[in-house]
Amino acid sequence: MFLCYNSVKRVVCRIGKNRAGFQNYDLIYVTIMASDQRFELFLLLRTRRGIQRGYTMFHLLRQEGAARRCELVTPHGAVQTPAFMNVATCGAIKGAVSAYDLREIGCQVQLCNTYHLHLRPGEEVVRELGGLRAFTGWDGPILTDSGGFQVFSLAKLRNIREEGVTFASHISGARIFMGPEESIRIQSALGSTIAMAFDECVENPAPLDYAQASCERTYRWLLRCQEEMERCNARDGTVNPRQMLFGINQGCTYDALRLRHMEQIAALDLDGYAIGGLAVGEPKEDMYRIISLVEPAMPAHKPRYLMGVGTPENILEAVRLGIDLFDCVMPSRNARHGHMFTWDGVINLNNAKYARDDGAIDPLCQCPTCRRHTRAYLHHLRKAGEMLAMRLCVLHNLWFYNHLLERIREALDAGTFAAFYAECAGRLDRRI
RNA sequence: GGGAGAGUUCCCGAGUGGCCAAAGGGAGCAGACUGUAAAUCUGCCGUCAGUGACUUCAGUGGUUCGAAUCCACUCUCUCCCA
């Protein structure tokens with residue numbers, strides 16, 4: 001995930017070719033910094049918006065059908081895609097997983113949440129302490145979600161208006177306001193690599209007229225996000241690397257809404273495009289249909305992110321349909337509840353049948369947990385309420401997700417994705 | 001030896017004549033979880049059988065239309081006095 005000297009040469013070379021998507025940029029300075037025995041790439045760029053530190057680039061390495069094997073180069077490190085982003089909502093992956101565990105489980109990108117970090121500890125604290133990367137100890141790329149999902153998940157505690165959303169803090173009950181400008185300013189202060197646009201994630205099912213009104217508002221919010229992001233980047237541009245902004249497609253399960261909205265946001269030259277508002281209760285066939293519908297309208301030279309998805313099979317299917325980035329709470333949350341992913345399907349470690357099972361969670365797995373511990377031991381730790389049980393289980397599931405994506409990348413590199421897909425489909429999500 | 005109290009379904013523990021197969025925990029068993037208000041939530045939890053039936057509240061016997069609940073004795077445990 002980090003650039004070695006060879007890949008830096010390659011990057012420079014590609015910039016020199018002036019490829020589509022970054023012809024507005026002019027490379028003026030390159031540094032290679034060694035820290036923690038790894039190399040990081042910092043570039044100073046002259047763009048049409050002035051001189052900025054840091055450079056991002058996204059390029060397609062291989063393609064098989066709609067499935068893409070890409071590389072996203074950011075000032076905070078490169079990301080090989082398709083990739084899974086590990087969810088650390090409040091700055092930590094729940095289940096006692098530390099930043100120093102992340103490298104070991106194959107994490108490339110960490111995801112944090114604007115709403116949660118705004119409430120606690122507050123973005124100014126994080127900014128003072130050097131930004132999220134310094135604060136959390138994770139020195140790779142970080143994506144911050146905008147708080148748009150909380151418009152959905154905290155539906156009982158919020159009120160939406162054109163200007164933005166008023167939440168009753170789920171911690172203190174205090175009223176807090178968050179609109180597009182607030183969300184972007186907070187994300188800028190947090191110093192994430194990628195900021196997400198502030199959107200409304202609409203529940204399913206939703207009436208057409210509501211879905212349409214919400215979708216149009218989300219578009220207006222995106223324009224405001226873009227303006228605010230430019231302001232923030234212009235202000236911090238020579239101090240912090242330029243922060244990326246991803247737009248989010250909405251429109252519930254209405255094809256016309258989805259497609260029109262995607263075409264609208266695709267015209268805005270954002271750094272990446274996300275599909276939001278899926279996996280919120282609709283059948284997975286609907287989800288796949290929306291992805292295939294909207295995918296051709298997504299700019300090919302920008303990263304594509306399917307938000308909040310999903311099960312291993314959801315991810316496999318979405319890669320096949322052309323998605324590059326994923327995040328999901330499922331591996332960590334389900335691990336805390338004993339629900340473990342394996343290459344043969346899903347097991348529930350709480351079940352009595354594992355009390356004397358001396359095998360690893362997954363016999364094929366090389367994760368820190370499976371290398372050392374039996375199902376019987378983990379079953380016992382769970383029953384005994386030991387917090388080590390959660391930690392070991394979360395490490396396994398996250399390893400599984402990150403390595404699922406790694407194997408997908410290997411298959412794409414080798415041109416064998418179709419075979420890999422056929423081997424796994426129908427197997428990963430089944431209960432065993 | 002004398003006195004006081006207590007024994008409830010796997011455990012703890014409510015229940016003092018019908019609304020009791022018996023509150024509430026815990027344990028146990030299973031299920032859910034998709035941009036995290038989640039180490040959470042839901043269901044089952046005496047036995048059979050798809051309305052219901054049957055066997056239970058230390059034991060035995062009794063009172064009553066009806067007893068986990070009242071009476072008698074027995075057993076066990078705890079505490080106090082000698």
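Per chain, numbering begins at 1; letters A, B, ... match sequence-line order. Quick note: numbers below take in every heavy atom, side chains included, and nothing from hydrogens, waters or symmetry partners.
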In Watson-Crick or G-U wobble terms, with both distances under 3.5 Å, the base opposite rU56(B) is none
Considering every strand and a 4.0 Å limit on heavy-atom distances, what is the contact class for Asn113(A): base, sugar-phosphate, or nothing? sugar-phosphate
Would you say the rings of Tyr115(A) and Phe167(A) are close, in the sense that their centroids are separated by under 6.0 Å? yes
Give a yes/no answer on whether the side chain of Asn350(A) brings an N or O atom under 4.0 Å of OP1 or OP2 in rC29(B). no
His337(A) stacking on rU40(B): centroids under 5.5 Å, ring planes under 30°? yes
In terms of side-chain heavy atoms of Val329(A), which of rA37(B), rU36(B), rG31(B) is nearest? rU36(B)
Only pairs with both distances under 3.5 Å count, Watson-Crick or wobble alike; so what is the partner of rA21(B) in this structure? none
Reckon Ile171(A) touches a base, only the sugar-phosphate, or nothing at all at heavy-atom distances under 4.0 Å? nothing
Indicate, with a heavy-atom threshold strictly under 4.0 Å, whether Asp327(A) touches base, sugar-phosphate, or nothing. sugar-phosphate
Step-by-step ring-ring contact (aromatic ring centres under 6.0 Å, His included) determination, Phe84(A) to Phe326(A): CA-CA 5 Å; Phe84(A) 180 74; Phe326(A) 300 89; 7.9 Å; no
Determine the sole option in Leu61(A), Val319(A), Asp324(A) for which the side chain to side chain contact (heavy atoms under 4.5 Å, CB included) test with Arg69(A) is passed. Leu61(A)
Over 60° means perpendicular and under 30° means parallel, so tell me whether His261(A) and Tyr219(A) are parallel, tilted or perpendicular. perpendicular
